[in-house]
Amino acid sequence: MLEIITSILVRTVVAGTPLLLGTLGEVISERAGILNLGVEGMMSLGAATGFIVTFTTGNPWLGLMAATIAGALISVIHAFVTVSLRANQVVSGLALTMLGLGLSGLWGKPYIGRPLTTKMHAIRIPVLSDIPVIGKVLFYQDPYFYLSVALGILVWFLMKHTKVGITVRSVGENPKAAETLGINVARVKYLCVMAGGAFAGMAGAHLSTAYSKSWIEGMTSGRGWIVIALTIFALWEPSRAFVGAYVFGGIFVIQYVLQPLGISPNLLAMLPYATTLGVLLFYGMSKKGKRRMSAPATLGEPYIRGSR
Amino acid sequence: MKRIEKLEMKGICKSFVGVKANRNVDLTIEKGDILGLLGENGAGKTTLMNILYGLYMPDEGQVLVNGEPLHLKSPKDSMKAGIGMIHQHFMLIQKHTVLENIALGYAEAPFLFPQKYMRKRIEEYSRKFGLEVDPDKKIWELSAGEQQRVEILKALLRNADLLIMDEPTSVLTPPEADELFEILRKMIGEGHSVILISHKLEEIISICNRVMVMRKGEVTGAAEIKDVTKVDLARMMIGREISASYEKAALEPGDPVLEIASLSVNSDQGLPIVKDFSMTVRRNEILGIAGVSGNGQREMVEAVTGLRRAEKGTVKLQGREVTNKSARTIHNLGINHVPEERIKFGTVANLQLFENSVLKKHHEKPYSTNMLMNYPLIKNHADSIIEKYHVDAASINVPVKNLSGGNMQKLILGREIASEPSLLIAAHPTYGLDVGAAEYIRKELIHARDRGGAVLLVSEDLEELFQVCDKIAVMFEGRIMGIVDPSDCDIDDIGLMMAGTSVGLKGEKN
Ligand SMILES: Nc1ncnc2c1ncn2[C@@H]1O[C@H](COP(=O)(O)OP(=O)(O)OP(=O)(O)O)[C@@H](O)[C@H]1O
Ligand SMILES: [Mg+2]
């Protein structure tokens, strides 16, 4: 029994890792006021790039780097369209999803079905990894896990305790006020969108080089959309992104555990979204929660300099 | 960095769709000057200052510092050149704390833990300047006056060579304003300079050494303060003299319209802020509420108008109990409300002017029938408000956010007064209005009273309260310190009561 639980938990953490990475990125972007619905596409491009580079160079770290850069680069399109051209963020994000899926499908075609021979080795943390259950789950994982946790803490810290954090949050809440204090609003927005892209790219690389170690088209299978839901679930707080990512990761795993018992997989696939709705309902009904729940005030709105 | 010895703006022109906001404006200010900038609502003062601060690009003209041209592409450039600005509309982030708001973009704040560093600086400055604010409060929890204090602190901390202040005192009490002017005098002594926009002529006279008057985008006059009087300034500005006293018909107060009994209301933090508050406003009566902002006035008004829950007590409107009824129910019973944060709660910024002119009545006949809006009628209505209340706008088809601050206020007042409510609640109605417009609004308030309406006027402007009110209630820490008759009371006594001292009153007390 203990073994089953341990194995479920281990898989939960693995499944939660790309969700955490993606959500962190979307939190950054949305905190600066830019809704990016292109996560699915950016993630997919990251997965393809990560796989191709790892496959050809034999170095998964290079794969990770390339995927990160690819994610950041493709997100520049979204930044340009929504910040510089002030176009509708929803439309641009959807277009980005299709573009990312298309590009990755195209470039990844020759690599379909070819297995990776190299991978990142799991890091065993001495002593701690010997603790029953927890040791296996938290201290004997592949580097992506540690990376995502470190980045999560970093983003949380940056948002809450540094000048950069105040700047980013202010830009999303009231860009005009930020501008009157000398902040270059457009630049902040660009950088945050790109950070979001980089995180999504990393999440993709995890899927193709660590989680499944192969590339197939459409392997992100809706994780990009779950990330969007998770961002709301997390109420735009990096700390809550952790909770959300692992809960949703757990739901993924449980799908496979419960499926043999005759529970419809479609029903289970619905769970992440239903949970998000549940959380929104819960917070929406409590008075205190309502205030915290509100999205960044100018999320989705273009900012025009020199207008009132 | 070289200090600003002399700053010139030359031939500044700026147009927006349908309006020439600035036409060939010249302005000069030297080290040690406090320059007063006067002008009617919509004259183009804010526009000119926004150009100087780098927020707007001028169509023509240039800015010179110490004789050298300065290229201002964004506020970053102007900040670098030593220019700071307090904006007419608060530039604050509602969901952030005071600390975070002040830390934003503050160059000296460290990268890590800027809040900690700012706390020390803020405490130091608020002590030094007597500007008290709780650094951990969120902006949305603050009253307009407190928000203004945050804005002033924010600007002072940046220690600019030239400080532009766009109506900084509109929501401050007279003692607070005096405090601010003391600070300005000190700054001048240290070689800074200040541009002060204000509609309060006494302020300009008492603090400035030079004054410049604008009208319809052009400079129409400039003078040394020692050569002019208040009356001269008013004439330069609106081309006529203003009345110092207001005529009121001698009317006995009629039936009670609003009766508040032992009302208790909580603040946003859930702490009691209005405590056991009782008061009656009658027909043919203007009741003034005096008090330093943050003493529960806003919360009291919100509870009466149905925007905030009353914890205890009752509110009756013309004999009907309306405690904790919805805002719409209360509004439909004949209470109109001019809120203190006019942009946020009084208008929908992106809707057009004519749409804003029927807000709260848009769903009713005659403005709409069977879900269809009657636009011709609405536009007529908007036209009549614009004409009657002298709202200066390019047309009724512009988004209301494009109006100048004062004109937005006139539109709201026009809308609320024109429908002849049985009770009008007005918070700081003349805040931001030029002297001519303020005079008109005061007359309209008196007219509403003479017509048989009741008016509850919340204001920090004691002079205004004395001019129009039949009774003045002084509010301190959520309670009424006393109710006085302005014709039989000393303005200083009210000042004392506002600070929490009870005074042996000649007037009645209840
Ligand atoms: N961004 C803008 N877009 C369109 N019109 C504008 C804009 N800014 C200002 N205006 C117009 O320019 C004119 C001058 O406005 P401005 O705010 O400078 O007046 P003001 O002198 O500051 O008046 P107030 O005393 O009421 O604040 C007004 O007619 C206003 O409607
Ligand atoms: Mg103005």
Side-chain angles (χ1 to χ4, degrees), chain A residues 30-33 83 86 153-189 235-237 283 286-308, chain B residues 14 16 46 50-51 53-57 73-80 84-87 89-97 99-107 109-118 138-140 151 154 158 268 270 309 343 349-350 399-405 408:
Chain A
E30 291 194 16
R31 270 301 174 108
V83 181
R86 300 184 214 111
I153 295 172
L154 183 73
V155 172
W156 166 80
F157 185 83
L158 279 175
M159 282 292 176
K160 201 163 164 124
H161 293 294
T162 69
K163 247 167 126 167
V164 172
I166 294 181
T167 307
V168 169
R169 285 186 281 133
S170 302
V171 164
E173 289 292 334
N174 188 345
K176 178 122 205 220
E179 186 177 1
T180 61
L181 293 171
I183 308 285
N184 187 337
V185 172
R187 186 167 73 193
V188 172
K189 291 198 172 204
L235 307 177
W236 299 271
E237 289 283 352
Y283 274 103
S286 78
K287 225 176 160 187
K288 236 172 145 181
K290 230 179 207 153
R291 271 239 145 75
R292 293 171 66 179
M293 188 175 72
S294 57
T298 63
L299 181 63
E301 285 172 24
Y303 175 62
I304 306 167
R305 283 194 62 196
S307 77
R308 289 224 184 187
Chain B
K14 175 80 183 172
F16 298 104
T46 300
N50 278 342
I51 289 173
Y53 193 61
L55 271 171
Y56 292 170
M57 298 302 131
K73 283 191 239 45
S74 76
K76 204 169 183 151
D77 299 329
S78 61
M79 284 164 80
K80 235 191 250 153
M85 178 160 175
I86 295 178
H87 299 268
H89 303 307
F90 302 138
M91 291 293 176
L92 295 169
I93 290 130
Q94 294 289 327
K95 262 186 260 165
H96 288 185
T97 59
L99 273 177
E100 288 173 322
N101 267 280
I102 299 184
L104 177 62
Y106 189 67
F111 180 79
L112 291 178
F113 305 106
Q115 289 99 329
K116 223 179 191 163
Y117 170 87
M118 289 319 291
K138 302 260 164 71
I139 299 298
W140 58 262
E151 285 287 27
K154 204 165 90 180
R158 272 153 234 260
D268 290 328
R309 241 185 76 80
I343 313 248
N350 287 320
V400 86
K401 66 178 176 185
N402 283 358
L403 298 193
S404 83
M408 222 184 276

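Within every chain, numbering begins at 1; the chains are lettered A, B, ... in the order of the sequence lines, protein sequences first and strands thereafter. Reckoned from all heavy atoms, side chains included, excluding hydrogens, waters and symmetry mates.
Using a 4.0 Å cut-off between a side-chain N of Lys or Arg and a carboxylate O of Asp or Glu, B:Lys154 and B:Glu151 qualify as a salt bridge.
Between the A:Lys189 side chain and the A:Tyr303 main chain, no donor and acceptor come within less than 3.5 Å of each other. Formation of a donor-acceptor pair under 3.5 Å by the A:Arg86 side chain with backbone atoms of A:Ile304 is not found in this model. Under a 3.5 Å cut-off, the side chain of B:Gln115 and the backbone N or O of A:Lys160 do form a donor-acceptor pair. Using modelled atom types, no side-chain atom of A:Arg169 and backbone atom of A:Arg31 make a donor-acceptor pair closer than 3.5 Å.
Ranked by non-hydrogen atom pairs under 4.5 Å with chain A, the options B:Arg158, B:Gln94, B:Lys76, B:Met57 are led by B:Lys76. With respect to chain B, the highest number of heavy-atom pairs below 4.5 Å among A:Leu158, A:Val164, A:Asn184 belongs to A:Val164. Highest contact tally toward chain B, considering only A:Ala297, A:Ser170, A:Ala177, is held by A:Ser170 [criterion: heavy-atom pairs under 4.5 Å].
For B:Met85, no part sits under 4.5 Å from any heavy atom of chain A, backbone or side chain. For A:Ile166, the parts sitting under 4.5 Å from any heavy atom of chain B are the backbone and the side chain alike. Only the backbone of B:Pro110 comes within contact range of chain A, with heavy atoms under 4.5 Å apart. In this structure, the portions of B:Glu100 lying under 4.5 Å from any heavy atom of chain A include both its backbone and its side chain. Contact annotation for B:Lys116: neither backbone nor side-chain heavy atoms come within less than 4.5 Å of a heavy atom of chain A. Contact of B:Phe111 with chain A is made through backbone and side chain together, with heavy-atom distances under 4.5 Å. Of the two parts of B:Ala349, neither the backbone nor the side chain holds a non-hydrogen atom closer than 4.5 Å to a non-hydrogen atom of chain A. Within the 4.5 angstrom heavy-atom criterion, no atom of B:Lys138 approaches chain A. Of the two parts of B:Asn50, neither the backbone nor the side chain holds a non-hydrogen atom closer than 4.5 Å to a non-hydrogen atom of chain A.
Counting non-hydrogen atoms of other residues, nucleotides and ligands closer than 6.0 Å to CZ of A:Arg305 gives a total above 12.
Rounding to the nearest 0.5 Å gives a distance of 11.0 Å between OG1 of B:Thr46 and CG of B:Leu55.
Here the side chains of A:Thr162 and B:Phe113 are not in contact, with every heavy-atom distance at 4.5 Å or above.
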